[in-house]
Amino acid sequence: MQTHLGLSLLTYQLDYFNILPLYVVLMTAAPMFAVMDRYSPNALLVLSAGIYLVTLSTPVPIPTWPMDGQWFFNPLAWQLVFVLGFVLAREDSAGGFVRRHIVIIRWLSLPIVLVSALIVWLAGGPVPRRCRSRDSSSSPTRPT
């Protein structure tokens, strides 16, 4: 029962699933970000950067329950990345520039992608066998 209550309150942070409550919080706040971006776009970025700086200077740990601990991803800090998406997608910002020049940008990026693909192909790419620890009896993902 405690686990279900913790999941519904977004306080139960499962290992490797602790980013999901962050997404839920940011998606819940998205309509507020959109309204602010429409009526006062400059204030949105200033407010978001201010919240981010306050969060960095005075950490506010968000507790988890029923397990002891805190959120791994603090939504007060990560909201800046989300708000930057709104700001950069505007027509008068980087998003508008990219939409107006998408064909040129794609042609300019093509050599970079092709050279990168060639380097990975000739080098053999990332091989998981090379990531193993020297002790063959232990798995590379588990601490010994």
Side-chain angles (χ1 to χ4, degrees), residues 3-4 6-65 67-144:
T3 302
H4 293 291
L7 283 171
S8 61
L9 294 174
L10 302 176
T11 58
Y12 188 60
Q13 300 279 315
L14 300 169
D15 289 338
Y16 301 112
F17 289 100
N18 47 18
I19 197 164
L20 296 178
L22 171 69
Y23 287 145
V24 171
V25 169
L26 291 177
M27 288 297 139
T28 303
M32 179 186 66
F33 294 151
V35 168
M36 255 185 108
D37 188 53
R38 170 164 284 205
Y39 292 110
S40 184
N42 296 329
L44 174 64
L45 186 58
V46 169
L47 179 66
S48 178
I51 291 171
Y52 177 74
L53 291 173
V54 167
T55 303
L56 286 182
S57 63
T58 56
V60 180
I62 302 173
T64 59
W65 182 83
M67 299 169 18
D68 290 332
Q70 64 186 21
W71 281 38
F72 188 73
F73 296 103
N74 188 343
L76 296 174
W78 282 89
Q79 54 79 31
L80 178 63
V81 174
F82 199 77
V83 167
L84 282 173
F86 277 93
V87 172
L88 294 175
R90 290 187 204 137
E91 191 60 37
D92 61 344
S93 189
F97 176 81
V98 169
R99 283 189 290 279
R100 287 188 302 274
H101 300 92
I102 190 67
V103 174
I104 296 168
I105 292 171
R106 285 182 178 164
W107 280 107
L108 290 174
S109 66
L110 187 62
I112 297 169
V113 171
L114 292 176
V115 168
S116 300
L118 185 64
I119 290 171
V120 169
W121 187 28
L122 294 177
V127 179
R129 290 187 308 265
R130 295 182 191 160
C131 299
R132 288 211 160 161
S133 63
R134 292 183 185 187
D135 182 13
S136 61
S137 64
S138 66
S139 171
T141 58
R142 293 185 183 168
T144 55

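Here the structure is a predicted model, which means the values were calculated and not measured.
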Quick one: closest heavy-atom pair of Ser93 and Leu88, and the distance?
-> OG-CA, 3.7 Å
Can you list the residues that meet the ring-ring contact (aromatic ring centres under 6.0 Å, His included) rule with Tyr23, with sequence neighbours excluded?
-> none
List in chain and number order the residues that pass side-chain contact (heavy atoms from CB on, under 4.5 Å) with Leu53, two or more places apart in sequence or in another chain; answer none if no residue qualifies.
-> none
Taking only residues at least two apart or on different chains, which pairs with a member in residues 40-64 satisfy salt bridge (charged side-chain N to carboxylate O under 4.0 Å, His left out)?
-> none
Are the side chains of Ile62 and Pro75 in touch, meaning some heavy atoms are under 4.5 Å apart?
-> yes
Got a sec, which pairs hit salt bridge (charged side-chain N to carboxylate O under 4.0 Å, His left out) with one end in residues 96-105, sequence neighbours left out?
-> Glu91-Arg99, Glu91-Arg100
Can you name the residues that form a side-chain contact (heavy atoms from CB on, under 4.5 Å) with Leu108, not counting sequence neighbours?
-> Ile104
Atom pair CD (Gln79) and CG (Leu47), whose distance is rounded to the nearest 0.5 Å | 7.5 Å
May I have all residue pairs that pass salt bridge (charged side-chain N to carboxylate O under 4.0 Å, His left out) and include part of residues 28-46, sequence neighbours excluded?
-> Asp37-Arg90
Could you go step by step and tell me if Ser116 and Ile112 meet the side-chain contact (heavy atoms from CB on, under 4.5 Å) rule?
-> CA-CA 6 Å; Ser116 300; Ile112 297 169; 4.3 Å; yes
For Thr55, side-chain contact (heavy atoms from CB on, under 4.5 Å) partners two or more places apart | Ile51, Asn74, Leu76, Ala77
For Phe82, enumerate each residue passing the ring-ring contact (aromatic ring centres under 6.0 Å, His included) test, keeping only those at least two apart in sequence or located in another chain.
-> Phe33, Phe86
In Å and rounded to the nearest 0.5 Å, what is the OH to CG distance from Tyr52 to Leu84?
-> 10.0 Å
How long is the gap from OG on Ser109 to CD1 on Ile105, to the nearest 0.5 Å?
-> 8.5 Å
Pairs touching residues 78-88 that satisfy salt bridge (charged side-chain N to carboxylate O under 4.0 Å, His left out), sequence neighbours left out = none
Just by distance, do the side chain of Thr58 and the backbone of Val54 share a donor-acceptor pair under 3.5 Å?
-> yes
For residues 25-34, pull every pair meeting side-chain hydrogen bond (donor to acceptor under 3.5 Å, both in side chains), keeping only residues two or more places apart or in separate chains.
-> none
Please name the residue in the list Phe73, Trp78, Trp71 that meets the side-chain contact (heavy atoms from CB on, under 4.5 Å) test with Val25.
-> Trp71
What pairs with Leu110 under side-chain contact (heavy atoms from CB on, under 4.5 Å), at least two apart in sequence or on another chain?
-> Trp107, Leu114
